[in-house]
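Notes to accompany the following structure.
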Protein chains: 2
Amino acid sequence: MARPKLTTSPNRRHQILEQAAGLFKTNGFNATTMRQLAEQTGMEAASLYNHISSKEELLREICFSVANDFNAHLLQLEADDSCSSRKMEAIIRFHIHMLLTKYNDVYVSNRDWKHLKEPWLTNFLNQRKQYENRLAAIIQQGIDAGKFKPVHPHVAVLTILSAVRSIEYWQRSKKAISSKQIADDLVMMLLKGLEQ
Amino acid sequence: MARPKLTTSPNRRHQILEQAAGLFKTNGFNATTMRQLAEQTGMEAASLYNHISSKEELLREICFSVANDFNAHLLQLEADDSCSSRKMEAIIRFHIHMLLTKYNDVYVSNRDWKHLKEPWLTNFLNQRKQYENRLAAIIQQGIDAGKFKPVHPHVAVLTILSAVRSIEYWQRSKKAISSKQIADDLVMMLLKGLEQ
DNA sequence: GCACAAAACTAACGCTTGTTAGTTAATGAA
DNA sequence: TTCATTAACTAACAAGCGTTAGTTTTGTGC
């Protein structure tokens, strides 16, 4: 009667997920084959299906893991009573932190979410839209308080989120400039502007 | 002895290229099939090869056409003797203008250049790196003149280029906010910052 | 050592892909 | 008319894909 086994099974699955994130990042979701992934994890392609149910499931776990992290952080920040400026700085720094610590996952989630299947695709997009709306609300509060320039809040949100993604380019050659320097420059530029 | 024909041939080829850009933008390069492209242009997949030599050739023409436009504009701007701030604003506005007027091409070039084959891939990357270096030089001049904050110029370049790509998200639903408003907000945020 | 489930394997299926080969109808110059 | 050229067609190939089926090995609890 099916006793639980407690072998290395959960580790193995986690290991597959990590390798998948690396391959997805490097080659893209579509261009990554199950045979490549199998080779990296030291087994045959068919054997992967003892641990996962489909290729898309791997992508799904990556995307929603990242989405959950961002949602959790924002939820915690919204409860805070600091001013809009500090909140926006915290958000920018958290995005940078996520890109630095979970580079593969965030990169794949940013680029390959289109390959999610329904109903998860719709769910993912709804979560993202909600996230952007909540950021826009924070910016609107800053504008109302006279702390931010009267730009359209949604434009500001997308500008900031796009700008933060420039970190993706630095992750590869992060020797030349320190992560802290990049993060500080980014926060400065986005909040105070490039001009003196 | 092979007299030139002057049929509709060049138009047909140009039409294929336009449809390809649209499909690449919507579905991505890999996910776009020659049979889809054939259907859109009203012929069979095999017939396309009377006008083009490969699928990648279509991508190549798109990418290098965009690269040429950006290079030409920068070359012209460098000859100008306006200050660094005006130059950077002109660059930002030109990127926005390109995204608005050649949306499909710029979008595809930004995302799908990875699928170029050698030696064009290397050539494309070299051109892009050179372009970024020339932008960084302009920013460095601004810093030296005390007009820009002393951020690392390459960080500033990538931040600005990434931020400008947020326009991609607006192109779809451009009814809510006017293009001019978005462009002005973007220039303001990047040069003067979000904070008042 | 026996039973049994987890996890590996081999083999193959069904489908899609970009592209080629060979053929046919239309067009325009000589 | 003749004849070369263009541009369409049909058919098919060779390769690669994700996935399934069926089988064998491995490891642990009793």
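Letters go in sequence order (proteins before strands), and every chain restarts at 1.
Each of A:Ser53 and A:Gln36 was assigned the nucleotide of DNA chain D with the nearest heavy atom; the assignment lying further toward the 5' end belongs to A:Gln36. If you find the closest nucleotide of DNA chain D to A:Asn50 and to A:Thr33, the one lying nearer the 5' end belongs to A:Thr33.
Side-chain N/O atoms of A:Arg13 include none lying less than 4.0 angstrom from OP1 or OP2 on C:dA7. Here B:Ser47 does not reach the OP1 or OP2 of D:dA7: none of its side-chain N or O atoms lies under 4.0 Å away. Distances shown here put every side-chain N or O of B:Arg35 at or beyond 4.0 Å from the OP1 or OP2 atom of C:dT19.
Rounded to an integer number of Å, the gap from B:Ile16 CD1 to D:dT6 C1' is 13 Å. With rounding to whole Å, B:Tyr49 atom OH is found 15 Å from D:dC9 atom P. What separates NZ of A:Lys55 from P of D:dG16 is a distance of 15 Å, to the nearest Å. Rounding to whole angstrom units, CG of residue B:Leu23 and P of C:dG18 are separated by 11 Å. Taking atom CD1 on B:Ile52 and atom P on D:dT6, their separation rounds to 17 Å, with Å as the unit. Between the CD atom of A:Glu39 and the P atom of C:dC9 there is a distance of 12 Å, rounded to whole Å. The distance from atom NE2 of B:His51 to atom C1' of D:dT5 is 13 Å, rounded to the nearest whole Å. For the pair B:Met34 CE and D:dA15 P, the interatomic distance rounds to 20 Å; values are reported in whole Å.
Of the residues listed (A:Leu58, A:Asn104, A:Asn30), the one engaging A:Phe24 in a side-chain contact (heavy atoms from CB on, under 4.5 Å) is A:Leu58, and it is the only one.
By the 4.0 Å N-to-carboxylate-O rule, B:Arg93 lies close enough to B:Glu89 to be salt-bridged with it. A salt bridge between A:Lys87 and A:Asp81 is absent, with no side-chain N of the basic residue lying under 4.0 Å from a carboxylate O of the acidic one.
Put simply, the side chain of B:Phe148 does not reach to within 4.5 Å of the side chain of B:Gln141, judged on heavy atoms.
Taking every side-chain heavy atom of A:Ala46 into account, D:dT20 is the closest of D:dT20, C:dT20, D:dA8. Side-chain atoms of A:Glu44 lie closest to C:dC9 of the nucleotides C:dT20, D:dG18, C:dC9.
Under the 3.5 Å distance criterion, with hydrogens and angles disregarded, a donor-acceptor pair is assigned to the side chains of B:Asn110 and B:Glu168.
Here A:Thr32 lies in heavy-atom contact (under 4.0 Å) with sugar-phosphate atoms only.
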